[in-house]
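Just so we're on the same page: letters track the sequence lines, and every chain starts at 1.
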Amino acid sequence: MLKLGIDLGSSYTKGVLVNDENQIVDQFVVKTGFDFKRAASRIMTKFEEDYEIATPVYTCGYGRDQVDFEHISNSEIMALSKAVFTKFNKKCAVIDIGGQDTKFIKINQQGQVDKFKMNRKCAAGTGSFLEEIAFRLDISPLEFNTLTDEATEEVRINSYCTVFAISEIIGLIKKGATIANIAVGIYNSIIERCMEMVAADETIIITGGVPEKHPTIVRLFKKKFSKVESPENSQFFAAWGNILLNSQK
Amino acid sequence: MSKTQSGILRLESANVLKVVMSDYFKRLKDAEETAGKKIAWCTSVGPAELLYSMGFEVYFPENHGAMLGASKKADKYIPSAVAEGYSPDICSYLTSDIGAFLQNETPLQRSGFEAVPKPDILVYNTNQCHEVADWFSFYARHFDVPILGIHTPLGLNELSDTIINGVAEQFKALVPELEKVSPRKFDMDAFKKSIELSRDACVRWREVLEKAMHRPSPINFFDAAIHMGPIVVMRGTTYALDYYNVLYDELDDRIAKGISSVPNEKYRLYWEGMPLWYQLSNMARLFASLDTCVVASTYCNSWVFDDLDPADPFYSSALAYSKLFIVRSEEVKKEMLQEHLKDYAIDGIIYHDSKTCPRNSNNRFGLQNRLYEETNIPFLEINGDLNDPRCFSEEQSLIAIETFIQQLAEKIYS
């Protein structure tokens, strides 16, 4: 029997299966859409094809209690912290960039959460910021990654607000800025919002769906800060940490 | 005893409170309808004692603002004030109150008022903020009535005699102007009596709040935010003192019987900043479900004017109303908070960063970090607003609060 952890986020729902040693055996992600229950069921159905799954299931995220099966829910911040500390086993700051939230978590040497913060009530510094700008520019959000390879300079985007940022970008285009240079500016804008939450000398672990899909963000983080790490498959960390949290109890 | 859905015990005194507040509004209505009686509007930490001693009935627009917030109607009214040129970024008590006025609506219509009681004079003290002067100025223009103000210096570290005497002179200077409108001439003995009643009520109110030092606490912040009505609007009268004697006795009784406000109290929090009026009951339920009692707050403790002294009414008024937390320097605020954290055995602090109330948002100049460094008491900052629900993300705050309690559990039980 394998244990299932599900992180029902605002944009994506992530599921991981772990064995008795709490090692990840399989993982799966679906778009959350408008129905948390459906998203969670799709994860469950997918895994049930190949595995026998134990109950309860461990859930976190916005839809943590919106599932049709027996579950134990947790805070995704506590779950993510647990996973990061299990992986890195050191004092660090976590920046998790998700679809709707950016979270900052300070983990102490004992693996406890000392402090955490979430982004203010707007899209700045989150995946929604990227998606909205991409939509207005009529490109795929993922294209920003490849565009940055052609960048020759860093254009600065000053506006916090997504709507104002789009107006600013239109102004930059009118002045002749290339989309490649603007793409770097867009990523740097996200990084700057994140850096409002963290001290410069900390070891920073970057997690979440956005850095996973946009590795350029991690690369740009590393240009600005010396102690930056971003583990693979980090968008599944909260789902995994969920199980780890409950394994302790 | 009646329980709410969350298992929170309802205070029986709430029945008395309802009558006390209803009678207060009846007195205002009577004043409005009776020739010779006068109504003064006053800010919530303004010179209520002086006004009551001179025979005014006293109406408090901030109390009205809180009513609009608690009735979840502020966002219906704010746009009207914005259309009138008042920014949505300024005090949402102000914008919701003026907006409701422009729409000719008030929760007082349920109590038989056609509109808020018309002022004969407006009196403010800027000890809490300067926006109250602009707020009252709107009504002074509209009703064409006199407006008087006390301008208190802010960010005070030491309360020097120079500062307090200066404020005391401003209190005294109100008298001849008030006498032009008041039903009665100023009478020192009446003022002293009003000061004495106010002081006694404030002491009783403080003792009510201090009951939460008991573990488990018989009262929580969300109750206190409701039960503070009389100390805000009836300072300087017997009504406030009488009410807090009733509430005090009930809390005493709860402690004797081992009755807690929140069932299974495990964690004790401090609330820094304004209440989220439109979320008061939701918040009460949420914390109760997390075995958490918010036992103390800056907000409720801000109506403890126990320096009032009938022997020296003007000076002591100036002192009491300048000693207030919101008037003080960051350093003094930190010391005041430290004292509360110790007295109430606080496990964690919630800072409500209220978008339109910067002076009641004490996490904007690093105080939260400095306090943490000295106390090691974890804190959480939530973004919201006192009255404007559009500034508050319920889902995000829910996750943050749940996580914070898990963080405290990890710290306390590890």
Side-chain angles (χ1 to χ4, degrees), chain A residues 7-10 32 36 59-66 72-82 85 94 96 98-126 128 196-199 238 241-242 244-246 248-249, chain B residues 75 88-89 267 276 279 286 289-290 292 347-356 358 361 363-364 366-373 375-385 388-414:
Chain A
D7 172 13
L8 293 107
S10 59
T32 300
F36 284 115
T59 61
C60 66
Y62 279 107
R64 60 198 175 283
D65 290 317
Q66 300 291 307
I72 293 174
S73 63
N74 286 290
S75 147
E76 71 262 37
I77 296 169
M78 299 302 284
L80 176 60
S81 308
K82 185 71 193 167
F85 192 73
V94 181
D96 184 80
Q100 194 168 303
D101 294 322
T102 296
K103 304 177 188 84
F104 157 69
I105 311 165
K106 202 165 180 170
I107 302 175
N108 67 22
Q109 273 159 336
Q110 287 75 45
Q112 294 171 334
V113 173
D114 263 352
K115 197 173 171 182
F116 69 92
K117 259 187 179 179
M118 295 166 88
N119 61 305
R120 284 160 177 261
K121 321 156 280 286
C122 73
T126 73
S128 299
E196 288 171 356
M197 298 194 267
V198 70
N242 226 353
L244 298 172
L245 272 180
N246 288 280
Q248 276 188 324
K249 290 174 185 172
Chain B
D75 55 332
D89 293 332
Y267 312 105
L276 296 139
Q279 281 283 328
L286 170 63
S289 74
L290 297 167
T292 300
D347 299 312
I349 308 167
I350 294 193
Y351 291 90
H352 169 208
D353 188 321
S354 185
K355 178 149 192 330
T356 70
S361 301
N363 61 333
R364 296 189 178 185
L367 175 61
Q368 71 280 34
N369 289 336
R370 291 192 295 279
L371 191 59
Y372 177 69
E373 279 163 22
T375 63
N376 204 30
I377 295 175
F379 67 89
L380 170 69
E381 297 165 78
I382 58 170
N383 293 110
D385 187 58
D388 191 342
R390 299 168 300 180
C391 300
F392 178 67
S393 165
E394 191 172 349
E395 271 305 313
Q396 197 189 65
S397 301
L398 175 67
I399 284 179
I401 290 167
E402 283 184 4
T403 302
F404 186 56
I405 301 305
Q406 288 183 27
Q407 178 190 345
L408 294 182
E410 194 179 61
K411 182 172 183 268
I412 293 168
Y413 294 111
S414 66

Can you tell if the side chain of B/Gln406 reaches within under 4.5 Å of the side chain of A/Ile77, non-hydrogen atoms only?
no
For B/Ser354, check side chain to side chain donor-acceptor pair (under 3.5 Å) against everything at least two apart and list the hits.
B/Asp385
Inter-residue atom distance B/Leu380.CG - A/Lys117.NZ, 0.5 Å rounding:
10.5 Å
For the CE atom of A/Met118 and the CD1 atom of B/Ile382, what is their distance to the nearest 0.5 Å?
11.5 Å
Here the gap from A/Ser75 atom OG to B/Ile401 atom CD1, rounded to the nearest 0.5 Å, amounts to 12.0 Å
Do B/Glu402 and A/Arg64 meet the salt-bridge criterion of a basic N to acidic O distance under 4.0 Å?
yes
Proximity breakdown for B/Tyr372 and chain A, heavy-atom pairs closer than 4.5 Å
side chain
Gap between atom CG of A/Leu245 and atom CD of B/Glu410 - 0.5 Å precision
8.0 Å
Considering residues at least two apart in sequence or located in another chain, which fulfil the salt bridge (charged side-chain N to carboxylate O under 4.0 Å, His left out) criterion with B/Asp89?
B/Lys355
Using distance alone, with no hydrogens and no angle criterion, decide if B/Lys411 and A/Asn108 have a side-chain donor and acceptor under 3.5 Å apart.
no
Checking heavy atoms, do the side chain of B/Ile405, its backbone, both or neither come under 4.5 Å from chain A?
neither
For B/Gln407, is it the side chain, the backbone, both or neither that has a heavy atom under 4.5 Å from a heavy atom of chain A?
both
Look up atom OG1 in B/Thr403 and atom NZ in A/Lys103, then write down how far apart they are to the nearest 0.5 Å.
9.0 Å
